[in-house]
Amino acid sequence: MTHIFNATILREYDVRGIVGNTLHEADAWALGRSFAAMALAEGARRIAVGRDGRTHSPVMEAELVKGLIEGGLDVVRIGVGPSPMLYFAAATLGVDGGIQVTGSHNPPEYNGFKLLLNGRSVFGTEIHALGRRAAESDWSEGNGNVTEADVSQAYVDRLVQDFSGHGYRVGWDAGNGAAGVVLDRLIARLPGEHHAIHTAVDGTFPAHHPDPTVEANLADLKDLVATKNLDFGIAFDGDADRIGAVDSKGRVIWGDQLLMILAEPVLKEQPGATIIADVKASQTLFDRIAELGGTPLMWKTGHSLIKSKMKETGAPLAGEMSGHIFFKHRWYGFDDALYAAVRLIEAVSQSGRSLTEIMDTMPDVVATPELRFAVDESRKFAVVDEVLGRLESAGASVDRTDGARVKTDDGWWLLRASNTQDVLVARAEAHDQAGLDRLVAQIDEELTRSGVERTEASH
């Protein structure tokens with residue numbers, strides 16, 4: 001029988017929707033059937049499947065596995081854990097790919113699937129191809145078998161295997177997400193003094209929303225660091241592929257600032273290496289990479305897109321403003337917030353300074369956080385095209401790598417369509433507040449001309 005997915009769930013780099021509304025159990029099963037057919041056509045026979053801690057992840061995983069084995073794939077179930085633990089399983093269990101059932105950093109009613117096959121992320125046109133297979137019942141038939149494997153201990157062992165750094169007093173906030181499965185074991189293996197909160201996995205996210213890039217969600221971590229007088233704090237999103245951090249003064253260390261810190265020891269070992277960051281990253285990051293003797297590369301936002309670009313360029317390190325940090329240096333090339341946390345501790349150790357001192361010397365720029373504007377899915381990409389058209393006809397300096405990144409004498413601003421939510425994302429950075437105000441006014445003007453209201457979208 002054919003199966004039609006709601007078009008909105010087939011995203012650029014994963015499948016994601018609202019359970020019971022745009023995403024149903026039958027979709028999980030049909031995705032399993034379609035993925036099995038795609039995998040078998042490429043010679044794949046066996047894949048790993050994991051899930052996050054959301055309330056509907058067990059039933060979504062069960063239906064997915066049913067579809068996979070009916071399509072003829074063998075499945076190794078690794079149970080609840082962070083997305084990076086599934087990526088680790090895919091890299092180390094002798095399987096041909098993996099699927100993580102996860103809603104990532106979205107609200108509790110969301111869920112979805114991150115897909116890996118034969119050493120790559122399945123994204124973009126390949127995700128739409130899975131949709132076409134389902135619509136045409138272009139499926140393989142078979143009778144795969146299911147086994148179970150606990151990789152959590154091997155994963156923790158690997159996280160700390162080549163760690164060489166001092167002990168610090170660190171606060172950790174697992175945000176009731178999937179990081180909680182391994183966090184206590186990880187910090188028991190690290191030197192120093194560690195204080196962890198919200199480690200119980202709870203898909204209703206009772207403490208706060210699991211997105212560490214929104215500063216309000218770091219309030220508990222800041223309190224912990226302040227109350228216990230800690231050196232710094234680290235937080236994770238719902239599936240622990242994105243990291244957030246604060247210093248001892250409670251200042252947020254954004255994704256591009258983390259990358260500046262993490263790049264230094266990597267470039268000492270690999271002079272001249274390419275370091276990739278997404279279009280939302282600060283100009284100060286690209287300048288800093290060049291200053292350290294590296295080759296900075298600006299690329300599109302999106303974990304699958306960044307991973308592909310890393311493979312193409314041989315980059316040992318990449319990162320996004322959203323807190324995805326990808327290490328190929330001493331690691332596997334996937335985004336892993338737990339591993340990034342270990343490397344952050346190591347990088348601070350090697351710097352000979354405290355994280356707070358490092359933050360004190362960061363270049364002085366004024367930037368907006370990510371501004372998000374609610375927009376209808378059907379208008380999302382059209383608005384960006386309209387803005388690009390107007391800017392280019394006016395002779396503006398525009399980088400089209402991913403949306404519109406506009407350079408002016410004041411600094412730069414960016415407008416792009418989110419691939420995970422029905423929002424436009426904007427960001428601006430200037431040398432001073434007056435310049436920033438002018439840049440934000442330009443963003444407002446362009447949005448108004450395309451009929452988008454300046455209301456902050458819900459995160």
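What you see below is based on every heavy atom in this structure, not just the backbone, and it leaves out hydrogens, waters and symmetry mates. Note that the structure is a prediction, hence the values are computed from the model and not measured.
The nearest pair of heavy atoms linking Pro84 to Ala337 is CG-N, 4.4 Å. Between Ala90 and Leu116, the shortest heavy-atom distance links the atoms CB-CD1, 3.9 Å.
Residues Trp172 and His195 bring no donor and acceptor atom of their side chains to less than 3.5 Å of each other. Checking His24 against Asn6 by side-chain atom types alone, no donor-acceptor pair falls below 3.5 Å. In summary, the side chains of Asp336 and Tyr155 do present a donor paired with an acceptor at a separation below 3.5 Å, with no hydrogens or angles considered. When only modelled atom types and interatomic distance are considered, His208 and Asn217 share no side-chain donor-acceptor pair under 3.5 Å. A donor-acceptor contact closer than 3.5 angstrom links the side chains of Thr361 and Arg353. Checked by atom type, the side-chain pair Ser104/Arg242 shows no donor-acceptor distance below 3.5 Å. No hydrogens or angles considered: nothing links the side chains of Thr8 and Thr22 as a donor-acceptor pair under 3.5 Å. His324 and Asp335 form a side-chain donor-acceptor contact under 3.5 Å, judged by distance and modelled atom types alone. Side-chain polar atoms of His198 and Asp220 form a donor-acceptor pair below 3.5 angstrom. The closest side-chain donor-acceptor pair between Glu70 and Trp139, if any, does not fall under 3.5 angstrom.
In this structure, the side chain of Ser140 engages the main chain of Gly71 through a donor-acceptor pair within 3.5 Å. Put simply, the side chain of Asp74 gets close to the backbone of Asn145: a donor and an acceptor are under 3.5 Å apart. At least one donor-acceptor pair under 3.5 Å links the side chain of Asp278 to the backbone N or O of Met321. Side chain of Asp96 to main chain of Arg45: a donor-acceptor pair is present (N/O by atom type, distance under 3.5 Å, no hydrogens or angles). Judged purely by atom type and a 3.5 angstrom limit, Thr147 has no side-chain atom pairing as donor or acceptor with the backbone of Val76. Of the possible polar contacts, none joining the Lys380 side chain to the Val375 backbone as a donor-acceptor pair under 3.5 Å is found. Checked by atom type and distance alone, the side chain of Ser282 pairs as donor or acceptor with a backbone atom of Thr284 at under 3.5 Å. With hydrogens and angles ignored, the 3.5 Å screen pairs a side-chain donor or acceptor of Asp237 with a backbone N or O of Asp241. The main-chain N or O of Arg51 is never found under 3.5 Å from a side-chain atom of Ser57 such that the two would form a donor-acceptor pair. Between the side chain of Ser34 and the backbone N or O of Leu130 there is at least one donor-acceptor pair closer than 3.5 Å.
The neighbour count for Lys300 NZ, taken as heavy atoms of other residues, nucleotides or ligands under 6.0 Å away, does not exceed 12. Remark: Asp162 CG is packed, more than 12 non-hydrogen atoms of other residues, nucleotides or ligands lying under 6.0 Å away.
Atom CD in Glu429 sits 9.5 Å away from atom CG in Leu285 (nearest 0.5 Å). Here the straight-line distance linking atom OG of Ser349 with atom CG of Leu355 works out to 10.5 Å at 0.5 Å rounding.
Comment: Glu25 does not engage Lys66 in a salt bridge, judged by the lack of any side-chain N to carboxylate O separation of less than 4.0 angstrom. By the 4.0 Å N-to-carboxylate-O rule, Glu346 lies close enough to Arg330 to be salt-bridged with it. Salt-bridge check for Asp247 with Lys249: failed, with every basic side-chain N at 4.0 Å or more from each acidic carboxylate O.
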*Between Arg77 and Glu148, does a salt bridge (Lys or Arg N to Asp or Glu O under 4.0 Å) hold up when you go through it step by step?*
CA-CA 5 Å; Arg77 296 177 62 223; Glu148 297 191 1; 2.8 Å; yes
*Report the C-alpha separation of Asn21 and Tyr110 in whole Å, then their side-chain angles, then the decisive distance to 0.1 Å, and conclude whether the side-chain hydrogen bond (donor to acceptor under 3.5 Å, both in side chains) test is met.*
CA-CA 10 Å; Asn21 181 341; Tyr110 280 79; over 6 Å; no
*Could you give me the CA-CA distance, side-chain angles and deciding distance for Leu159 and Arg189, then say whether side chain to side chain contact (heavy atoms under 4.5 Å, CB included) is met?*
CA-CA 10 Å; Leu159 285 169; Arg189 301 281 295 277; over 6 Å; no
*Hey, mind stepping through Ser248 and Thr356 against side-chain hydrogen bond (donor to acceptor under 3.5 Å, both in side chains) and telling me if it holds?*
CA-CA 6 Å; Ser248 66; Thr356 304; 2.5 Å; yes
_The test is salt bridge (Lys or Arg N to Asp or Glu O under 4.0 Å); show your working for Arg120 and Glu42 and say whether it passes._
CA-CA 12 Å; Arg120 70 177 191 281; Glu42 288 189 26; 2.6 Å; yes
*Taking it one step at a time, do Leu115 and Leu117 satisfy side chain to side chain contact (heavy atoms under 4.5 Å, CB included)?*
CA-CA 7 Å; Leu115 313 164; Leu117 184 60; over 6 Å; no
_Run the side chain to side chain contact (heavy atoms under 4.5 Å, CB included) test on Thr274 and Ile276 for me, step by step, so that the C-alpha distance in whole Å, both residues' side-chain angles and the decisive distance to 0.1 Å come before the verdict._
CA-CA 6 Å; Thr274 298; Ile276 302 172; 4.0 Å; yes
*Could you please spell out the steps behind the side-chain hydrogen bond (donor to acceptor under 3.5 Å, both in side chains) verdict for Asp157 and Gln153?*
CA-CA 6 Å; Asp157 290 344; Gln153 196 53 53; 3.3 Å; yes
_Go through it in stages, so that I can follow the logic: the residues are Asn111 and Arg16, the test is side-chain hydrogen bond (donor to acceptor under 3.5 Å, both in side chains), and I'd like the CA-CA distance, side-chain angles, deciding distance and then a yes or no._
CA-CA 6 Å; Asn111 216 323; Arg16 201 181 305 178; over 6 Å; no
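Below 30°, between 30° and 60°, or above 60°: for Phe88 and Tyr332 the angle between ring planes is above 60°, a perpendicular geometry. Ring pair Tyr13/His303 is perpendicular by interplanar angle, where above 60° counts as perpendicular and below 30° as parallel.
Aromatic ring centres of Phe232 and Tyr168 lie closer together than 6.0 Å.
Across Gln283, Glu264, Gln257, a single residue satisfies side-chain hydrogen bond (donor to acceptor under 3.5 Å, both in side chains) together with Arg288, and that is Glu264. Shown are Thr102, Asp52, Asp239; of these, the side-chain hydrogen bond (donor to acceptor under 3.5 Å, both in side chains) with Lys114 is made only by Asp239.
Evaluation of the salt bridge (charged side-chain N to carboxylate O under 4.0 Å, His left out) rule for Arg169 yields Glu193 as partners, not counting sequence neighbours.
Side-chain contact between Arg33 and Arg133 is absent, with no heavy atoms from C-beta onward closer than 4.5 Å.
Lys309 forms a cation-pi arrangement with Trp299, by the criterion of a distance under 6.0 Å to the ring centre and an angle within 45° of the ring axis. Figure legend: cation-pi geometry between Arg405 and Trp412, with NZ or CZ positioned under 6.0 Å from the six-membered ring centre and within 45° of its axis.
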